[in-house]
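First up is the structure itself, then whatever we jot down about it.
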Amino acid sequence: MLLSQKILASLRQSKSITKGSTVLLGVSGGVDSLVLLHIMHGIRDALGIRIYVAHFNHRLRKTSTRDEALVVKYAKQLNVPIIVEKRQ
C-alpha cells in the first residue's frame, strides 16, 4: 500500500478531517513537509477538503530564503494558496 493510501485510510478512520474542511499545512521547506504537501494535495479530492499552505521564514538559517522560495514555487505549481510571513 502506498504511503498516500495509508494516510488517506488513517484520516478517514480517525475522522479528524471532515468533508468540506479547510486544512492549513505548515510547510518549512524540508523534505518531510514538502512530502506532506504533495500527499495532501493528492488526496484532497478524495477527502473533499481544501488545502492552504503557511510558511514562516524565521531567518535563522543561511538556507531560509531558499526554503521560502522552494515552498512558494511548489505551492504555486500545485495551485495551492499560500501565506508567507517573515521574522522582521
Side-chain angles (χ1 to χ4, degrees):
M1 180 183 280
L2 294 174
L3 179 58
S4 59
Q5 293 170 330
K6 288 181 182 181
I7 292 171
L8 177 59
S10 177
L11 289 172
R12 283 182 170 159
Q13 182 181 11
S14 70
K15 299 179 182 173
S16 57
I17 298 177
T18 58
K19 186 175 182 178
S21 293
T22 299
V23 177
L24 181 64
L25 301 172
V27 181
S28 67
V31 173
D32 54 346
S33 64
L34 289 170
V35 169
L36 173 65
L37 171 55
H38 179 79
I39 289 172
M40 291 301 291
H41 180 264
I43 64 174
R44 74 191 188 292
D45 290 339
L47 290 170
I49 62 171
R50 292 177 307 274
I51 60 172
Y52 287 75
V53 169
H55 177 80
F56 189 84
N57 185 343
H58 293 272
R59 296 183 181 183
L60 295 175
R61 296 181 299 144
K62 291 180 182 179
T63 61
S64 294
T65 301
R66 180 191 60 94
D67 293 346
E68 178 184 329
L70 179 64
V71 172
V72 169
K73 180 179 178 183
Y74 194 50
K76 286 183 179 182
Q77 285 176 352
L78 296 177
N79 199 29
V80 174
I82 182 168
I83 302 162
V84 176
E85 294 291 333
K86 297 176 185 157
R87 179 175 167 212
Q88 299 300 323

For Gln77, is the CD atom crowded, meaning more than 12 foreign heavy atoms sit under 6.0 Å from it? yes
Considering residues at least two apart in sequence or located in another chain, which fulfil the salt bridge (Lys or Arg N to Asp or Glu O under 4.0 Å) criterion with Arg61? Asp67
Please give me the minimum heavy-atom distance between His38 and Tyr74, naming the atom from each residue. ND1-OH, 2.7 Å
Transitively linked via ILVMFWY side-chain contacts under 4.5 Å: Val35 with Val53? yes
Could you tell me which non-hydrogen atom of Leu11 sits nearest to which non-hydrogen atom of Ser16, and how far apart they are? CD2-OG, 3.6 Å
Indicate yes or no for a side-chain donor-acceptor contact from Arg44 to the backbone of His41 under 3.5 Å, with no hydrogens or angles considered. yes
To the closest 0.5 Å, what do you measure between NE2 (His58) and CD (Glu68)? 11.5 Å
Report yes or no: do Leu37 and Leu2 belong to one cluster of Ile/Leu/Val/Met/Phe/Trp/Tyr joined by side chain heavy-atom distances under 4.5 Å? no
If you compare all heavy atoms of Ala54 against all heavy atoms of Leu24, which two are closest, and at what distance to 0.1 Å? CB-CD1, 3.7 Å
Minimum-distance pair of heavy atoms, taken over all atoms of Ser33 and Ser28: OG-N, 3.0 Å
Exceeds 12 heavy-atom contacts within 6.0 angstrom, atom CD of Gln5: yes
Please say yes or no: joined through hydrophobic side-chain contacts below 4.5 Å, possibly via intermediate residues, are Ile83 and Leu78 part of one cluster? no
List the steps, then state whether side chain to side chain contact (heavy atoms under 4.5 Å, CB included) holds for Arg12 with Leu47. CA-CA 8 Å; Arg12 283 182 170 159; Leu47 290 170; 4.2 Å; yes
How close do Val27 and Leu34 get, heavy atom to heavy atom, and via which atoms? CG1-CD2, 3.9 Å
If you take all heavy atoms of Ile51 and Val80, which pair is closest and at what distance? O-CG1, 3.4 Å
List for me each residue that meets salt bridge (Lys or Arg N to Asp or Glu O under 4.0 Å) alongside Lys76, sequence neighbours excluded, and say none if there are none. none
Shared hydrophobic cluster for Leu36 and Val84 (ILVMFWY, side-chain gaps under 4.5 Å): yes
